[in-house]
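What follows is one structure encoded as structure tokens, with my remarks underneath.
Below, read A as the first sequence line, B as the second, and so on, with proteins coming before strands; counting in each chain starts at 1.
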There are 2 protein chains.
Amino acid sequence: MNDCSTKPLDLAMLRLACQNCSLHELCLPVGIHQEDVARLDEIIRRKRPLARGDHVYRLGDEFRAVYAIRAGSVKTYAMTETGGEQIIGFYLPGEIIGLDAIHSGMHPSSAKSLETTSICEIPFSQLEELASAIPTLARQLVRIMSREIHSDDELLTLLGKKSAEERLASLLMSLSSRLQQRGFSAREFHLSMSRNDIGNYLGLAVETVSRLFTRFQQIGLVTVNNKHIRIDNLDALREMAGIVGGGACGEKIRTGST
Amino acid sequence: MNDCSTKPLDLAMLRLACQNCSLHELCLPVGIHQEDVARLDEIIRRKRPLARGDHVYRLGDEFRAVYAIRAGSVKTYAMTETGGEQIIGFYLPGEIIGLDAIHSGMHPSSAKSLETTSICEIPFSQLEELASAIPTLARQLVRIMSREIHSDDELLTLLGKKSAEERLASLLMSLSSRLQQRGFSAREFHLSMSRNDIGNYLGLAVETVSRLFTRFQQIGLVTVNNKHIRIDNLDALREMAGIVGGGACGEKIRTGST
DNA sequence: GTGCTTCGTTGCGTCAGATCAATGATTCTG
DNA sequence: CAGAATCATTGATCTGACGCAACGAAGCAC
């Protein structure tokens with residue numbers, strides 16, 4: 001069962017990575033004109049691949065740029081005053097990190113690669129300059145930040161209200177759907193982060209995460225082989241994550257006030 | 001560079017230029033020209049005061065504007081699928097809400113006033129338009145959103161890693177310093193939210209919050225009289241919150257690597 | 001390969017905080 | 001102002017997840 005060590009994802013990632021950085025969220029969904037994409041492309045610096053464990057930036061670093069993940073994955077984490085780290089997020093290809101640093105001029109968190117990862121550096125002053133010339137770009141930047149706020153808010157709900165199993169299910173669902181959005185398989189993927197990272201992120205102990213994986217497997221939700229995971233019952237997992245059914249019950253949740 | 005301190009000069013200027021909507025973040029720290037502030041002022045709609053419990057917007061509402069709190073306070077909350085609400089944040093005068101809705105066109109959360117509250121409605125399409133004409137404004141918007149992301153991240157750390165007493169201490173410190181920034185007393189203020197809200201926000205049971213207040217009072221940290229609170233030992237409370245140094249804003253924390 | 005280190009899993013006792021329950025204190029409402 | 005409803009506090013239990021410990025498995029260095 002150890003044959004899956006070569007990650008099936010890497011090939012696909014590589015393919016995506018090659019079409020220059022246009023899969024960034026910055027120019028992805030909205031209609032940015034061809035020539036504007038080119039202008040954006042010009043200011044982007046492609047850095048050579050990071051090895052597992054390398055930092056993209058460190059807490060306290062001067063803020064100069066935001067970064068788009070081209071391939072691989074990254075975790076961002078902040079420091080507790082007692083020295084412990086709290087993982088803020090896992091970021092996948094196409095996503096952008098460093099947005100929390102804009103307001104203060106220095107990075108309030110660190111970003112570390114979870115595997116061989118290639119990233120694009122987008123110098124922020126130039127991005128802002130460009131954005132003031134290209135309104136659509138400015139709007140897209142604001143949108144991306146808004147989405148980041150929203151996803152943070154969802155994580156807050158997770159940490160504040162959900163049980164251990166709901167948390168893990170939520171994470172798996174989140175990874176699944178984000179990967180799917182980028183054209184990867186939704187049901188089978190590689191967990192590039194360690195159990196420790198997962199526990200940290202979800203506010204759980206490592207042991208709890210481990211136990212949960214075991215239980216999930218017993219229930220037939222997933223098949224786990226160390227870092228490789230296959231989701232066997234996506235609907236059940238989604239339900240466990242606390243995400244109500246998709247189209248099934250078309251109930252508009254009109255909640256009155258409390 | 002980025003100075004996050006609130007310069008008294010700016011405050012004065014703002015009161016003159018934007019008297020009715022005094023001190024909201026959009027034009028606060030950075031040097032926006034007098035005439036630009038006036039233009040911003042023009043698109044802002046002052047709504048009549050909200051009573052306690054009124055909504056600024058509701059989950060699912062179409063997104064049209066962001067809102068600046070002028071006076072009073074507001075809580076924002078999201079819904080768990082099981083119906084429970086998770087409070088995302090408490091917002092004080094000068095702060096801006098609704099930023100999580102920009103990306104999707106509809107509000108993913110609700111905002112409800114905690115007391116008699118007056119707010120400014122800032123129609124977003126007009127704000128964006130104006131921002132594309134006034135680069136400083138665009139930059140300020142992005143900064144505000146970045147700060148929102150960062151403060152969400154801090155809350156994540158709180159929910160993920162901190163103990164019950166650290167959580168409550170953190171909340172009190174946060175309120176204290178934010179109120180202070182706006183010229184209110186840092187040591188004595190009114191808790192406009194219920195114990196229930198506090199517990200919800202901090203991921204704790206109401207009873208736990210109550211017990212904590214009692215304990216804090218016994219230790220001589222604070223003096224509580226229902227919704228009125230006085231901080232008796234600010235340093236101790238800060239320490240308990242897990243905040244090392246004092247510096248509110250731009251403290252350079254040089255942390256070594258892992 | 002061989003040792004060495006880190007990672008993942010499982011068992012078990014413990015505890016912080018949840019839950020249940022009961023009683024004051026406040027605030028709505030008419 | 002009385003009565004109802006909600007909110008706050010305190011005590012008594014209970015439990016889910018943590019922390020420790022032990023061991024196997026996987027990755028790394030030489």
Side-chain angles (χ1 to χ4, degrees), chain A residues 1-7 51-53 75 80 82 84 86-87 112 114-116 158-169 190-218 222-229 240 256-258, chain B residues 51-54 75 80 82 84-87 112-116 158-169 190-218 222-229 240 258:
Chain A
M1 294 295 180
N2 40 18
D3 55 274
C4 58
S5 48
T6 11
K7 307 158 218 164
R52 179 162 180 274
K75 68 172 174 183
T80 324
T82 49
Q86 166 68 37
I87 295 181
K112 189 191 267 191
L114 291 167
E115 57 191 311
T116 304
L158 182 149
L159 288 175
K161 290 275 162 314
K162 296 190 178 180
S163 70
E165 66 176 23
E166 287 174 317
R167 296 182 194 201
L168 184 57
H190 179 77
L191 293 169
S192 56
M193 64 294 288
S194 71
R195 296 290 192 270
N196 221 313
D197 285 342
I198 294 177
N200 186 305
Y201 176 70
L202 297 176
L204 300 171
V206 203
E207 298 93 324
T208 305
V209 175
S210 203
R211 280 184 258 266
L212 284 172
F213 270 122
T214 308
R215 200 193 312 165
F216 279 15
Q217 188 145 358
Q218 286 165 351
V222 300
T223 308
V224 193
N225 184 344
N226 197 3
K227 294 197 181 290
H228 181 85
I229 189 166
M240 173 171 286
S257 51
T258 308
Chain B
R52 179 161 179 274
D54 287 349
K75 70 172 174 182
T80 324
T82 50
E85 60 181 52
Q86 166 69 37
I87 296 181
K112 189 191 266 190
S113 102
L114 291 166
E115 59 191 311
T116 304
L158 182 147
L159 290 175
K161 291 275 162 316
K162 295 191 177 178
S163 71
E165 67 175 23
E166 287 174 317
R167 295 182 194 199
L168 185 56
H190 178 76
L191 291 169
S192 56
M193 64 294 290
S194 71
R195 298 289 192 271
N196 221 314
D197 285 341
I198 294 177
N200 185 307
Y201 176 70
L202 297 176
L204 299 171
V206 203
E207 297 93 325
T208 306
V209 175
S210 201
R211 279 183 257 267
L212 285 172
F213 271 122
T214 308
R215 200 193 313 165
F216 279 14
Q217 187 146 354
Q218 287 165 349
V222 300
T223 307
V224 193
N225 184 350
N226 197 5
K227 293 198 181 291
H228 182 84
I229 188 166
M240 173 171 285
T258 314

Exercise. Would you mind classifying the nucleic acid contact of B/Gly199 as base, sugar-phosphate or nothing, using non-hydrogen atoms under 4.0 angstrom?
Key: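 It contacts nothing in the nucleic acid.
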
Exercise. Just call it for B/Ser210: base, sugar-phosphate, or nothing, with non-hydrogen atoms closer than 4.0 Å on any strand.
Key: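 Base: the residue B/Ser210, judged by heavy atoms under 4.0 Å, touches a nucleobase.
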
Interatomic distance where [atom1] belongs to [X] and [atom2] belongs to [N] [whole Å]:
X: B/Arg211; N: C/dA16; atom1: CZ; atom2: P; answer: 13 Å
X: A/Leu159; N: C/dG17; atom1: CG; atom2: C1'; answer: 16 Å
X: A/Leu191; N: C/dT9; atom1: CG; atom2: P; answer: 10 Å
X: A/Asn196; N: C/dG8; atom1: CG; atom2: C1'; answer: 10 Å
X: A/Asn225; N: D/dA25; atom1: CG; atom2: P; answer: 13 Å

Quiz item: Do A/Glu207 and C/dC12 share a donor-acceptor pair, side chain to base, under 3.5 Å?
Solution: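 Such a pair does not exist between side chain and base.
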
Quiz item: Counting only distance, no hydrogens or angles, is the base of C/dG17 paired donor-acceptor with the side chain of B/Arg215 under 3.5 Å?
Solution: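 Checked by distance alone, the answer is no.
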
Ignoring backbone atoms, establish whether [X] has a side-chain N or O less than 4.0 Å from OP1 or OP2 of [N].
X: A/Lys227; N: D/dA26; result: no
X: B/Thr208; N: C/dG17; result: no
X: A/Ser194; N: C/dT6; result: no

Quiz item: Between B/Arg215 and B/Ser210, is there a donor-acceptor pair closer than 3.5 Å when you use the side chain of the first and the backbone of the second?
Solution: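 Checking the backbone N and O of B/Ser210 against the side chain of B/Arg215, no donor-acceptor pair under 3.5 Å is found.
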
Quiz item: Should the pair B/Lys112-B/Asp54 be classified as a salt bridge under the 4.0 Å nitrogen-to-oxygen rule?
Solution: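 Salt bridge flag = no for B/Asp54 with B/Lys112.
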
